[in-house]
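Whatever order the structure lists them in is the order used to number ligands and atoms, beginning at 1.
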Amino acid sequence: MELKGRSVILGVTGGIAAYKAAQLLRLLRKRGAEVQVAMTEGATHFVTTTTFQALSGKPVFSDQWDARMPNGMAHIDLSRQADLILIAPASADFLARVACGMADDLLATMVLARDCPLLVAPAMNRQMWENPATRRNVAQLAADGVRVLGPASGEQACGEFGAGRMWEPEEIIEEVIAFLAPKLLDGKRVLMTAGPTFEAIDPVRGITNLSSGRMGYALARAARHAGAQVTLVSGPVGFSAPQGVDCVNVVSALEMHEAVMAHAAAADIFIGVAAVADYRVANVAAHKLKKDVSGVPVIELVENPDILATVAALKDGPFCVGFAAESSNLEEYAQAKRRRKKIPLIAANLIQDGLGGENNRLILFDDEGVHPLMLAPKSVLASQLVEHIAYLTGKM
Ligand code: PMT
């Protein structure tokens, strides 16, 4: 429910991607937003107003002179409470009209009369997108502060390939959430680790752990929503990086160490969420170990570098945040880790609460004391932790 309490005007213009606006509307509502739909006359040729009315639970407007508005001021009344206007799909014609400041139908008039931000998700044939007139209009809109989402490249409804496909509804929603989130880490460069590492024994086997990457990925997403530029160094996990986050995929602790050190000097904040293997195999076999050849194999271990402690020891290095996963004595062990690694903040969790699943419970330890965060989805805890990091770094 990241959009709970938010009010969005969804403007739908004429294009085949208008059918995707129905799914976009569903997702906006699912995330808690109140949505008022307004359509151009062209859009109603692709999808009916009834579809959007049923999905939004509100009457849909497409005519400036709609008799349902008692004062005849639909363009003002409909948009005044909105947090933003989102046009998806935004046709080439509509972008041109907005770029010129035209007010020749209800939606264009609402856009001109708005007192809230405007986001547009263009969708059109690739030649229309590449046309110098469209390029000019889009540049003008960007210069006017309009946020342009996409378009994507790929196969188009007309059968041609190129740029002009509307972003998928999930991608647009993600940008809307990011756009509306408070910018607590605006402009900060956040470097993070997440997931497990995998230490090879031979070409098919290895030592790893049950970290799913969920906590770290949720934190990367929350930091990005808060306005940070996020680089995520990730061990092997089963999902892709959050939108807008630069991801460096690694496998072993040594690779993670190398990738982190390559970015650490430029970072303002470093957050170590990864469950890094403390040891790696010294004698990695070049070929698959065979049973019965020379008895039970002996695996010799050597210690991996402590990435967090190394970053924390950098001169003028980033503000460092560690994690500690324990199965008992949480406070004692977490505090000891914070002292040993010389970091200002550690987020402690019990493995039975947080390892692998969707939810977690955290206790934050810093110089000011102890701050428990209640059991909640990892996305919620991630936002709370970002708030706390913003508070601590804001004091420096
Ligand atoms: O991925 P999920 O399934 O969502 O689970 C999340 C989590 C439980 C893995 C996460 O919340 C968490 O607690 N991560 C830290 C795991 C841990 O206990 O690490 P540690 O005690 O080995 O290390 C303490 C800190 O030092 C961590 O910040 C770790 O990233 C860092 N470290 C450890 C060893 C090492 N060689 N280099 C490091 O940087």
- Check ion pair R165-E155 (N to O, under 4.0 angstrom): no
- Salt-bridge present (R338, D367; N to O < 4.0 Å): yes
- Message: For E300, is there an ion pair with R280 - N to carboxylate O distance below 4.0 angstrom?
- Response: no
- Query: Do we see a donor-acceptor contact under 3.5 Å between the side chains of Y217 and S234?
  - Reply: yes
- Item | Charged N-O contact under 4.0 Å between R214 and E358 | yes
- Any chance you could lay out the side-chain contact (heavy atoms from CB on, under 4.5 Å) test for F61 and R68, step after step, and finish with the verdict? CA-CA 9 Å; F61 292 86; R68 289 172 295 179; 3.7 Å; yes
Atom pairs and distances, ligand 1 N/O vs protein N/O under 3.5 Å:
unit_1	atom_1	unit_2	atom_2	d
ligand 1	1 (O)	S211	OG	2.6
ligand 1	1 (O)	S212	N	3.1
ligand 1	1 (O)	G213	N	2.7
ligand 1	3 (O)	S212	N	2.8
ligand 1	3 (O)	S212	OG	2.7
ligand 1	3 (O)	G356	N	2.7
ligand 1	4 (O)	S212	OG	3.4
ligand 1	4 (O)	R214	N	3.3
ligand 1	4 (O)	M215	N	2.8
ligand 1	4 (O)	K378	NZ	2.7
ligand 1	5 (O)	G354	O	3.4
ligand 1	11 (O)	N349	OD1	2.6
ligand 1	13 (O)	N349	ND2	2.9
ligand 1	14 (N)	V273	O	2.9
ligand 1	18 (O)	A325	N	2.8
ligand 1	21 (O)	K337	NZ	2.3
ligand 1	26 (O)	K341	NZ	2.9
ligand 1	28 (O)	G272	O	2.6
ligand 1	28 (O)	F323	N	2.9
ligand 1	28 (O)	F323	O	3.3
ligand 1	30 (O)	G272	O	3.4
ligand 1	30 (O)	A274	O	2.7
ligand 1	36 (N)	P305	O	2.9
ligand 1	37 (N)	I307	N	3.0
ligand 1	39 (O)	I307	N	3.4
ligand 1	39 (O)	L308	N	2.8

